[in-house]
Novice: 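Sharing a structure below in structure tokens format, with a few things to ask.
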There are 2 protein chains.
Amino acid sequence: MPADGAAMKTADPELMRAINRFLVMDAIRRSGTISRVEISERTELSPTTVSAITAALLEDGLIVPRQVAPTPDQVRGRPRIMLELNPAAASVCGAKLAPNKITIAVTNFQADVLGTVSIPIRVDRQPASVILDLVEDGVRSCIEATGLQVEDINSLCLGVPGIVERASGICRYSPIFSERDLKLGLDLQDRLKVPTTVDSDVNLITLAEQWFGHGRDLSDFLVVSIEHTIGLGIIHGGELFRGANGLSPDLGDLIVSPNGSIGNGSLPGRLSGIASTTAILSTAADLARGTPQEKLLRGTRGMDHAVSLAQGGDRRIAGIFEEAGRALGIAIANLITLFAPPKVILAGSALQAGELLLAPLRDAVQAATPETISGVTEIVVHESSDDTWARGAAALTLRDLYGAPWGTTGPAKKR
Amino acid sequence: MPADGAAMKTADPELMRAINRFLVMDAIRRSGTISRVEISERTELSPTTVSAITAALLEDGLIVPRQVAPTPDQVRGRPRIMLELNPAAASVCGAKLAPNKITIAVTNFQADVLGTVSIPIRVDRQPASVILDLVEDGVRSCIEATGLQVEDINSLCLGVPGIVERASGICRYSPIFSERDLKLGLDLQDRLKVPTTVDSDVNLITLAEQWFGHGRDLSDFLVVSIEHTIGLGIIHGGELFRGANGLSPDLGDLIVSPNGSIGNGSLPGRLSGIASTTAILSTAADLARGTPQEKLLRGTRGMDHAVSLAQGGDRRIAGIFEEAGRALGIAIANLITLFAPPKVILAGSALQAGELLLAPLRDAVQAATPETISGVTEIVVHESSDDTWARGAAALTLRDLYGAPWGTTGPAKKR
DNA sequence: CCCTTTTATTTGGATAGCGCATTAAAACGT
DNA sequence: ACGTTTTAATGCGCTATCCAAATAAAAGGG
């Protein structure tokens with residue numbers, strides 16, 4: 001009757017091999033090009049095991065040997081045979097939905113971007129079928145532009161803002177869709193006949209940071225993405241952290257100013273109502289009601305206008321950024337209190353505002369972080385390009401192809 | 001240059017055995033008494049492996065056979081030999097520090113409480129050496145009261161409120177100590193010559209909930225302990241979640257009412273300033289300044305008085321509870337937003353206030369939880385006794401003796 | 001031209017888990 | 001009372017894994 005709450009995998013030789021195989025793949029990926037001895041040193045696997053595993057990987061075509069021995073320090077002895085990921089082993093496609101843009105990219109097995117397509121179109125509040133049509137077309141043309149066929153693509157990864165259940169490929173809620181509980185994964189899979197995963201857009205950038213960016217060699221950090229929604233990506237213990245149901249948290253739903261708002265029936269003050277690009281721009285536009293600025297602020301380039309207005313001396317617009325920065329800072333401080341990460345990475349289009357947003361943000365973090373852990377966390381800004389999202393999508397997908405036996409990266413701590 | 005950020009254990013037969021051995025131990029613990037076949041069914045390990053592992057465990061004296069076959073449903077065939085944990089395999093001691101009480105308990109290998117000692121003494125703001133003297137004496141007398149010697153104790157676990165680095169046994173900050181960065185673990189280990197671990201008190205109760213309480217068979221839940229400090233324990237994916245440095249988060253440091261307080265230099269409004277028992281009682285006492293109630297409210301039984309005053313119709317005292325409940329509710333709603341746990345368990349002495357605190361708390365959670373995940377989380381109350389803490393300390397320690405290969409429980413999800 | 005050095009592979013030994021068949025132990029049935 | 005039936009636990013053989021030591025391979029140095 002006890003019904004094992006969390007059924008866990010039993011250990012057998014197969015799991016053993018899967019673990020070590022992943023360790024080897026991970027070592028190769030991290031180094032780009034590496035010899036067997038070095039793999040053995042880094043993974044602390046015996047040379048025998050490394051040789052056996054690399055042999056299997058070569059057999060499977062996942063890695064390729066490279067004759068040149070580009071290490072000038074090692075001159076004597078039998079030259080090391082360098083190994084690297086076989087770029088042609090797989091091709092993956094990543095697509096990211098944003099309210100005013102669809103970004104699509106194709107990468108190879110090394111997460112090199114082979115080609116991108118960016119569709120600047122306002123998908124906001126279109127029916128889901130229309131948006132998926134656009135995605136499908138974009139994916140097809142992006143794939144063909146790189147000289148590949150759709151059948152050559154091993155996996156497709158879709159990133160959307162909002163709340164996503166990765167396991168089922170269901171988008172519970174997204175500001176992009178008016179519908180709820182959309183089975184995006186299955187839908188796209190039916191359309192393109194390519195295995196498809198769906199995840200929160202912020203998880204894409206989080207994975208990208210872990211693999212290629214500021215999060216390299218860090219086993220704990222946070223990513224806060226400030227765009228139409230405010231997303232949170234968490235790497236903890238080397239793994240992507242997900243909510244209990246496998247869904248990604250939405251930072252914008254945090255309450256940051258509860259005062260006097262709960263009791264009287266009005267909605268509590270959520271972060272998304274203060275610090276999202278939507279909130280910032282609509283507040284600014286309301287301020288400018290009736291002036292010629294209003295229309296500009298409500299347009300697609302609204303953020304640019306708001307920033308230049310504030311930089312041009314408009315105290316009220318600057319005040320909006322300031323308040324947004326403060327609210328974000330407090331939310332981030334609360335996250336620091338909970339997670340104590342060594343690094344917090346900020347990303348997203350709202351960062352165009354630069355110090356207008358960042359200065360009050362940093363001040364608020366400073367003031368609101370409990371002194372017991374102040375100073376442990378560094379806040380960095382990452383200007384994300386389309387490539388970043390694409391490589392994140394690739395990372396998210398390639399992990400599966402690498403055969404990671406656990407959810408993301410790293411099973412457990414050291415011994 | 002790549003410097004593998006999170007070095008991870010390689011898989012070898014030894015790890016394999018450790019994993020399966022732990023699975024078997026865990027199955028035995030969960031059932032109390034269980035036969036080999038049932039272990040095989042639950043763990044999905046082959047009967048052969050179960051037999052081999054149980055043989056080793058019997059050899060090591062960690063488990064014992066029990067002749068009776070108490071299953072009346074199974075009558076035919078060879079009776080199953082029931083196995084259970086050997087109570088005498090180990091004895092552990094748990095100690096919990098609170099501002100006005102030291103609680104100590106000794107348990108056996110089954111986490112049965114053999115004896116407890118409770119010292120109602122105000123340790124608040126005593127120098128650490130004095131407090132540790134009290135702990136040492138209490139531990140010695142508690143052990144001897146159970147008929148054991150100090151040398152028989154395999155492990156000691158100390159729970160303190162505040163911020164604790166379990167790995168190093170250092171207490172970074174605690175309201176109990178005026179000093180910072182106390183090496184409590186090493187200190188007690190020197191005094192008693194018993195391996196000692198230190199952890200946040202809330203982690204003790206969290207583990208206890210997972211092993212014996214509401215958290216049984218749940219792989220994700222939160223525990224919020226409302227006492228002198230407001231602690232947070234997190235079980236995620238079957239594991240105790242710790243901050244990046246292995247330190248436990250302190251919920252009391254969360255900011256819940258930032259309005260107008262950051263900019264003007266005053267301290268931001270932390271949850272501990274609104275909803276801890278200290279805050280509640282001191283606010284109530286300030287309200288009652290000059291009246292005969294004030295002294296009672298500041299006394300050790302202050303919470304009892306505050307509750308009866310509020311229940312007796314004192315609107316202002318009731319209002320304090322209400323505000324505390326609301327603030328807690330908002331903080332909990334934010335946690336639900338982040339973690340989406342199926343259950344949140346409330347514990348701690350502030351729960352004496354009952355519905356005075358809980359009604360506004362539930363309302364605030366209801367109002368502040370984003371609708372996308374409303375309804376997924378159930379809030380339950382657990383009245384914790386001294387035994388609970390003690391068994392939590394036992395659980396925390398016994399895990400190590402069980403030989404858990406990973407931090408706590410469960411290495412990774414299924415496949 | 002042979003030897004040293006370094007790297008990769010191969011061989012032998014040990015341990016793990018699993019499946020099948022065997023033994024062990026009890027209760028039922030005639 | 002004895003054999004049959006049923007279920008539990010355990011040998012035995014198999015394969016797969018890892019590791020350590022030995023072997024083969026490829027270069028440079030004397």
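Treat the numbers as computed from the prediction; the structure is a model and nothing was measured.
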Novice: Tell whether A/T48 reaches the base of D/dA20 with its side chain through a donor-acceptor pair below 3.5 angstrom.
Specialist: yes
Novice: Want to settle it: does A/R78 or A/I53 sit nearer the 5' end of DNA chain D, counting the closest nucleotide to each?
Specialist: A/I53
Novice: Could you give the CZ-to-P distance, from A/R66 to C/dT7, as a whole number of Å?
Specialist: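 For the pair A/R66 CZ and C/dT7 P, the rounded distance is 19 Å.
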Novice: With the side chain of B/V37 defined as its heavy atoms from C-beta on, choose the nearest nucleotide among D/dA8, C/dA26, D/dC18.
Specialist: D/dA8
Novice: How are the rings of A/Y402 and A/W211 set to each other: parallel, tilted or perpendicular (split at 30° and 60°)?
Specialist: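 Judged by the thresholds at 30° and 60°, the geometry between A/Y402 and A/W211 is parallel.
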Novice: B/E38 has an atom CD; how far is it from atom C1' of D/dT7, in whole Å?
Specialist: 13 Å
Novice: Rounding to an integer number of Å, can you tell me how far A/E44 CD sits from D/dC18 P?
Specialist: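 Between P of D/dC18 and CD of A/E44: 15 Å.
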Novice: For B/A52 and for A/S51, locate the closest nucleotide of DNA chain C by heavy-atom distance; then report the residue assigned to the nucleotide nearer the 5' terminus.
Specialist: A/S51
Novice: Look at A/N20 and D/dT17 and indicate whether a side-chain polar atom (N or O) is within less than 4.0 Å of OP1 or OP2.
Specialist: no
Novice: Quick one: is B/S46 getting a side-chain N or O under 4.0 Å of the C/dC18 phosphate, OP1 or OP2?
Specialist: yes
Novice: Which whole-number value in Å describes the distance from B/R21 CZ to C/dG17 C1'?
Specialist: 16 Å
Novice: Take the protein atom CZ of A/R17 and the nucleotide atom P of C/dG17, then report the distance between them rounded to whole Å.
Specialist: 18 Å
Novice: A/L45 CG to C/dA8 P: how many Å, rounded?
Specialist: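 My rounded result for the distance is 15 Å.
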Novice: Quick one: A/L58 CG to C/dA8 P, roughly how many Å, whole number?
Specialist: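 Atom CG in A/L58 sits about 12 Å away from atom P in C/dA8.
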Novice: Looking just at side-chain N and O atoms, do A/S51 and A/T48 make a donor-acceptor pair shorter than 3.5 Å?
Specialist: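 The answer is no; no qualifying pair exists.
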Novice: Establish, with yes or no, whether the OP1 or OP2 oxygen of D/dA8 is under 4.0 angstrom from a side-chain nitrogen or oxygen of B/R36.
Specialist: no
Novice: Nearest nucleotide by nearest heavy atom, which residue falls closer to the 5' end of DNA chain C, A/P13 or A/T54?
Specialist: A/T54
Novice: Between A/Q110 and A/L398, does the side-chain contact (heavy atoms from CB on, under 4.5 Å) criterion hold? Intermediate values first, please.
Specialist: CA-CA 9 Å; A/Q110 291 175 333; A/L398 291 177; over 6 Å; no
Novice: To the nearest Å, give me how far apart CD1 (B/I81) and P (C/dA25) are.
Specialist: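 The answer, rounded to whole Å, is 9 Å.
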Novice: Name the closest nucleotide to the B/P79 side chain, picking from C/dA25, D/dC18, C/dA8.
Specialist: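 Output: C/dA25.
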Novice: Could you check whether B/R166 and B/S200, counting side-chain N and O atoms only, form a donor-acceptor pair closer than 3.5 Å?
Specialist: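 B/R166 and B/S200 do not have a side-chain donor-acceptor pair below 3.5 Å.
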Novice: Drop me the distance from A/L396's CG to A/R391's CZ, to the nearest 0.5 angstrom.
Specialist: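 So the gap between those two atoms works out to 14.5 Å.
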